[in-house]
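What's counted below: heavy atoms across the whole structure, side chains too, no hydrogens, waters or symmetry copies.
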Amino acid sequence: MVPIEYYLVLSAAVFSIGLYGLLTRENALLFLMSVELMLNAANINFVAFSLQWGNLTGQVMSLFVMGLAAAEVAVGIGIILVLYRNFKDVDVTLPQSMRW
């Protein structure tokens, strides 16, 4: 059996990569990919702790997070399409006129 520390290190690495991508990129598609990495890191934690404690609660929560990720992608792709239609680019620093 694999120790839970390995799962936690993997999850921390995936979350860190997602956070780095979220903070350093200007492309909206890369934003979505970075958020997906962060949500997958949370899923790794849920499943690992579910395995350690011997119940299915973490796996059920992981399914809810996957549903949330699917909804986030659907809304995000819609926003990206509007961004591309109006500005001919998916760079998030261009639409300064959309601010309050």
Item to check | Set of side-chain contact (heavy atoms from CB on, under 4.5 Å) partners for Asp91, sequence neighbours left out | outcome: Glu26, Asp89, Thr93, Leu94
Checklist outcome for this item: Residues at least two apart in sequence or cross-chain that pass side-chain contact (heavy atoms from CB on, under 4.5 Å) with Val2, listed by chain then number, are Tyr6, Tyr7
Item to check | Hydrophobic cluster identity match, Ile77 and Val90, side-chain contacts under 4.5 Å | outcome: yes
Checklist entry - Same hydrophobic cluster for Val73 and Tyr84, using side-chain heavy-atom links shorter than 4.5 Å among ILVMFWY? => result yes
Do any side-chain atoms of residues 28-37 form donor-acceptor pairs under 3.5 angstrom with protein atoms, and if so which ones, sequence neighbours left out?
| from | atom 1 | to | atom 2 | distance (Å) |
| --- | --- | --- | --- | --- |
| Ser34 | OG | Leu22 | N | 3.4 |
| Ser34 | OG | Leu30 | O | 2.9 |

Checklist entry - Is any side-chain heavy atom of Leu8 less than 4.5 Å from a side-chain heavy atom of Phe49? => result yes
Item to check | Sequence neighbours excluded, every pair satisfying side chain to side chain donor-acceptor pair (under 3.5 Å) that has a member inside residues 48-72 | outcome: Asn43-Ser62
Item to check | Gap between atom CG of Leu83 and atom CD1 of Ile80 - 0.5 Å precision | outcome: 7.5 Å
Next on the checklist: I need the Asn86 CG to Leu81 CG distance, nearest 0.5 Å.
Outcome noted: 11.0 Å
Item to check | side chain to side chain donor-acceptor pair (under 3.5 Å) partners of Asn40, counting only residues at least two apart | outcome: none
Acceptor/donor pairs from residues 9-21 side chains to any protein atom, 3.5 angstrom cut, sequence neighbours excluded:
| from | atom 1 | to | atom 2 | distance (Å) |
| --- | --- | --- | --- | --- |
| Ser11 | OG | Ala41 | O | 2.8 |
| Ser11 | OG | Asn45 | OD1 | 3.3 |
| Ser11 | OG | Asn45 | ND2 | 3.1 |
| Ser16 | OG | Ala12 | O | 2.8 |

